[in-house]
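Report on the structure given below.
The figures that follow rest on heavy atoms only: side chains count, while hydrogens, waters and symmetry mates do not. Note that the structure is predicted; figures quoted are calculated from it, not measured. Whatever order the structure lists ligands and atoms in, that order sets their numbers, starting from 1.
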Amino acid sequence: MSTIVPIFLAAPRLDQGGSVGLGHDHMSMPPLTVHTCPVMSEETSAARKYTTRATFSDRPARPAGICAVIRRGRDVEQRHLDIPSRVKDTVTVPVAVKLSPYFSSTAEIASRLDEAGADGLVLFNRFLQPDIDPETLTEVPTVTLSTADESRLPRTWIALLRGRVRASLAATTGVESATDLIKYLLAGADVVMSASALLRHDPEHAGVLLDGLCEWMGRKGFTSVDDVRGMLTVPSGADETARQRADYVSALRQANTTTYGPS
Ligand SMILES: Cc1cc2nc3c(=O)[nH]c(=O)nc-3n(C[C@H](O)[C@H](O)[C@H](O)COP(=O)(O)O)c2cc1C
């Protein structure tokens, strides 16, 4: 089995300007989170150099600055293309890129990464967004675990991208139960990942997910995961605008027959 080197292009502080100006020093997280890959030191030092241009006269230098907020979208995209290319030049194992859900055009960046040689796309990174406590007037760094509902966005994109990119598609976010795992497979995920559920329960929960998948496959008469994978992918060549419109109309029809909240 081949090994995939994950490159985490998660830059919650650098790209989003997260906590800059809130007046607290919760900046222990490196400005650019590039985990477990050889390019880490290079990228973090580049980020450090970049952010030193920000001046906060009354505070020590911070590892993110307003300049990060006004970074051009095209530059952010280019960096996402450059880093995997450099990593690909360095390693011989397949390289997967974990994407942010916040690109202007998810399909375009996925397609460009695919063309640049990314072996896998991981949809999506889930940023740890800090909260604010109005009582203590402080920023509160929090780790909130995901819910199954959050799987809809990555699942929709996986269904759209399957067959349109060469790279393998890995799903991450909101896999709480076997049903969530199955839905991702039906959408077209090659790999399904889970983090929050394993923390919420325990690592043995992975066995629960697999048992649930096997039980469902047996009940439905599937003998191989390959038979399940991609069954509900948006077919190549489908008119996506028409499909989205149709989905919207059917969603509204469904809503008309649904009661929301207490009557
Ligand atoms: C405690 C914790 C630590 C995480 N650390 C990382 C990390 O270092 N790099 C990364 O790309 N994602 C990290 N993630 C994100 C997970 O890999 C995953 O993409 C995200 O939690 C969504 O999946 P889930 O809904 O199964 O939790 C972390 C998540 C949690 C809960």
Distance-only criterion, 3.5 Å: show the donor-acceptor pairs between side-chain atoms of residues 155-163 and protein atoms not counting sequence neighbours.
{"from": "Arg155", "atom 1": "NH1", "to": "Ser151", "atom 2": "OG", "distance (Å)": "2.9"}
{"from": "Thr156", "atom 1": "OG1", "to": "Arg152", "atom 2": "O", "distance (Å)": "2.7"}
{"from": "Arg162", "atom 1": "NH1", "to": "Gly188", "atom 2": "O", "distance (Å)": "2.8"}
{"from": "Arg162", "atom 1": "NH1", "to": "Asp190", "atom 2": "OD1", "distance (Å)": "3.3"}

Could an N or O of ligand 1 be found under 3.5 Å from any N or O of Ala195, whether backbone or side chain?
yes
Any N or O of Arg126 closer than 3.5 Å to N or O of ligand 1:
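Among all N and O atoms of Arg126, none is under 3.5 Å from an N or O of ligand 1.
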With heavy atoms under 4.0 Å as the rule, classify the contact between Lys98 and ligand 1 as side chain, backbone, both or neither.
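Within the 4.0 Å criterion, Lys98 contacts ligand 1 through side-chain atoms alone.
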Is it the side chain, the backbone, both or neither of Val122 that has a heavy atom closer than 4.0 Å to ligand 1?
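Neither; no heavy atom under 4.0 Å.
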Do the rings of Tyr102 and Phe127 sit parallel, tilted or perpendicular, given the 30° and 60° boundaries?
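Rings of Tyr102 and Phe127: parallel, as their planes differ by under 30°.
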Indicate whether the side chain of Asp180 and that of Ser177 have a donor and an acceptor atom separated by less than 3.5 Å.
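There is such a pair between these side chains.
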Residue [X] vicinity, atoms of ligand 1 by number, heavy atom under 4.0 Å:
{"X": "Thr173", "value": "22 (C), 23 (O), 24 (P), 25 (O)"}
{"X": "Asn125", "value": "11 (O), 12 (N)"}
{"X": "Ser146", "value": "24 (P), 25 (O), 27 (O)"}
{"X": "Ser194", "value": "26 (O)"}

Which residue pairs pass the salt bridge (Lys or Arg N to Asp or Glu O under 4.0 Å) test with at least one member in residues 199-211, sequence neighbours excluded?
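Applying salt bridge (Lys or Arg N to Asp or Glu O under 4.0 Å) to every pair that reaches into residues 199-211, excluding sequence neighbours, yields Glu176-Arg200.
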Any heavy atom of Gly174 closer to ligand 1 than 4.0 angstrom?
yes
For Thr144 and Gln129, run side-chain contact (heavy atoms from CB on, under 4.5 Å): C-alpha distance rounded to whole Å, both residues' side-chain angles, the deciding distance at 0.1 Å, then the answer.
CA-CA 9 Å; Thr144 48; Gln129 299 166 359; over 6 Å; no
